[in-house]
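What follows is a single structure, written as structure tokens, with notes after it.
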Amino acid sequence: MKTQKSIPTTKVERSAKFVKTGIQIGGNYIKHYSKKLFNPDMDREQLNEDNATDIYKSLSELKGSALKIAQMLSMDKNILPKSYVDKFSQSQYNAPPLSGPLIVRTFTKNFGKTPEKIFDSFNLTSSNAASIGQVHQATLKGKKLAVKIQYPGVGDSISSDLKLVKPFAFRLLGMSERELNIYIKEVEERLLEETDYELEVKRSIEFSEACKNLKHVVFPKYYPEFSGKRIITMDWIEGLHLKEFLKTNPSQTLRNKIGQALWDFYNFQQHELRAVHADPHPGNFMITPDENLGVIDFGCIKEMPDDFYYPFFSLISTDVFNDKNRTIEAFRQLDMIHADDTAEQVEFYHKSYSEMIKLFAKPYTSKIFDFSKPDFFEQLYAYGEKISKMPEFKQARGVKHFIYVNRTNFGLYQILHELKAIVHTDTYNPTLGR
């Protein structure tokens, strides 16, 4: 893959990149409608393909929060046309890497020394390049290490990048401005944390220690002495990413084993730690040669306060869900039903959200769930498509915590679906006793 020799870091440079992309997209629309004059039946597939290509190329060169949002959107198969999902999903595994000399300069600026003065060997060719940083292989005293180096300017450009992304988000997501502002604010808070590598090392050590007794889940050892604000050094974990793993045609037994490890990893955190690894894209996991799940990134953590956790997961409990008054009270606590809603609106949202939660909770309400069956996902996507067209859902509803908790759970479901895993879903249940 061709390397990138520079990266726009100033607000002016990054803004200019967005403007240029906007002009390209405008040109794509002109081209599309010109062709449509001669072929009225032509669909938008080529337009979507051209726009997705131009937007992804721009975001991949900008790196950082701009590319991170593309990565997040690629995980929701229901939000964007397929051409966008296909293009944006490249950021889950391998975005265009920065060149070796630029990485050495970045390393030296942040660490005060070149990599070869710290490690016995350091491979200038990255093994993986993602939205916020790229990973290089190094060795020290016979131990193979992974050195993650953050792209220059990423941490300083989050707020301005998100302002520049908003026009694209308006067009792609169709959210109201209030809803989009809530979304952007929550994303900004998480991204500011995610670009703080010192915080990531601290959390990585804490979470890997808390989860160390989970079956078939392994973590790298982290080295704070070789890490810093923009650099993380950890053990190298051998293994295959999900797409590579699936190409080996694994047995159903092995699919179930990895799927169970994923389910336990996420639900142990949600219900025992009340904080969860909130970036469930496949690039953050490896399947090791000894058939374990390797977790290689703890950059994005979402904490769940009591005033969200209890009403949210109480809705999975049949005791609450079968009691209309208690269900409506939980919806009020979660800002899904507003204080000034009319009786008709309360009835409408109670019915609509109850249908949604009944679908979402299916894996939780049976002891074993087969994620290979497409009907569950077809129902989810169909319901999402239905409410996206309803004017009642154009206004913002729900507390901000939904953004990452929903992303986490639906991302988990999607990975389990790709694995075609059958898992025991009663291993770590919601703890609702206060």
Assess whether side-chain hydrogen bond (donor to acceptor under 3.5 Å, both in side chains) is satisfied between Q252 and K420, documenting all intermediate values. CA-CA 8 Å; Q252 188 62 51; K420 294 181 167 54; over 6 Å; no
Regarding [X] and [Y], do their side chains bring together a donor and an acceptor under 3.5 Å, going by distance alone?
| X | Y | result |
| --- | --- | --- |
| Q270 | N409 | yes |
| D264 | Q260 | yes |
| K229 | Q150 | no |
| H401 | Y309 | no |
| D120 | T139 | no |

Main chain of [Y], side chain of [X]: is a donor-acceptor contact present, judged purely on distance under 3.5 Å?
| X | Y | result |
| --- | --- | --- |
| R407 | D279 | no |
| S126 | Q134 | no |
| E244 | H241 | yes |
| S352 | Y349 | no |
| H281 | G283 | yes |
| H338 | R397 | no |
| D235 | L145 | no |
| T108 | R105 | no |
| N292 | T288 | no |
| Y413 | F360 | yes |

For E303, does the CD atom sit with more than 12 other heavy atoms under 6.0 Å from it, leaving out its own atoms?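 Atom CD in E303 is not crowded, with 12 or fewer foreign heavy atoms closer than 6.0 Å.
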To the nearest 0.5 Å, how far apart are [atom1] in [X] and [atom2] in [Y]?
| X | Y | atom1 | atom2 | value |
| --- | --- | --- | --- | --- |
| I103 | Y151 | CD1 | OH | 7.0 Å |
| L359 | Y383 | CG | OH | 8.0 Å |
| L273 | C211 | CG | SG | 5.5 Å |
| H216 | L254 | NE2 | CG | 10.0 Å |
| I415 | W263 | CD1 | CH2 | 13.0 Å |
| T327 | Y353 | OG1 | OH | 14.0 Å |

Evaluate the side chain to side chain contact (heavy atoms under 4.5 Å, CB included) criterion for residues L262 and F285: first the C-alpha distance (whole Å), next the side-chain angles of each, then the deciding distance (0.1 Å), finally the verdict. CA-CA 9 Å; L262 264 168; F285 303 100; 4.1 Å; yes
Are [X] and [Y], when compared by the centres of their aromatic rings, separated by less than 6.0 Å?
| X | Y | value |
| --- | --- | --- |
| F369 | F371 | yes |
| W236 | F119 | no |
| F402 | F308 | yes |

Would you check if [X] and [Y] make a side-chain contact, meaning some heavy-atom pair closer than 4.5 Å?
| X | Y | value |
| --- | --- | --- |
| Y428 | L214 | yes |
| E193 | D196 | no |
| P224 | I205 | yes |
| L246 | R255 | yes |
| V135 | V147 | no |
| V295 | N284 | no |
| S314 | F321 | no |
| F410 | Q414 | no |

Minimal non-hydrogen separation, [X] against [Y], with atom names:
| X | Y | value |
| --- | --- | --- |
| E209 | K212 | OE2-NZ, 2.7 Å |
| A330 | L315 | CB-CD2, 3.7 Å |
| F111 | S227 | CE1-O, 3.8 Å |
| K302 | A278 | CB-CB, 3.7 Å |
| C300 | Y404 | SG-CE2, 3.6 Å |
| L416 | V423 | CD2-CG1, 4.4 Å |

Closer than 4.0 angstrom, basic N to acidic O: yes or no for E194 and R190?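 No salt bridge links E194 with R190.
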Going by an N to O cut-off under 4.0 Å, is there a salt bridge joining E418 and K243?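 K243 and E418: not salt-bridged.
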What do the steps show when you test Y266 against H277 for ring pair (Phe, Tyr, Trp, His ring centres under 6.0 Å), and what is the final call? CA-CA 7 Å; Y266 272 99; H277 178 292; 5.8 Å; yes
Derivation and outcome, side chain to side chain contact (heavy atoms under 4.5 Å, CB included), residues F107 and I118: CA-CA 11 Å; F107 189 98; I118 295 173; 3.6 Å; yes
Starting from the C-alpha separation in whole Å, work towards a yes-or-no answer on salt bridge (Lys or Arg N to Asp or Glu O under 4.0 Å) for R203 and E200. CA-CA 5 Å; R203 282 175 162 174; E200 182 175 341; over 6 Å; no
Validate the cation-pi geometry between K362 and F376: distance from NZ or CZ to the six-membered ring centre under 6.0 Å, angle to the ring axis within 45°. no
Might you work through the side chain to side chain contact (heavy atoms under 4.5 Å, CB included) test for F298 and E206, ending with a clear yes or no? CA-CA 10 Å; F298 276 101; E206 290 172 353; over 6 Å; no
For E355 and K358, run salt bridge (Lys or Arg N to Asp or Glu O under 4.0 Å): C-alpha distance rounded to whole Å, both residues' side-chain angles, the deciding distance at 0.1 Å, then the answer. CA-CA 5 Å; E355 286 178 22; K358 189 175 180 181; over 6 Å; no
List the steps, then state whether side chain to side chain contact (heavy atoms under 4.5 Å, CB included) holds for R230 with I149. CA-CA 6 Å; R230 301 288 183 254; I149 301 173; over 6 Å; no
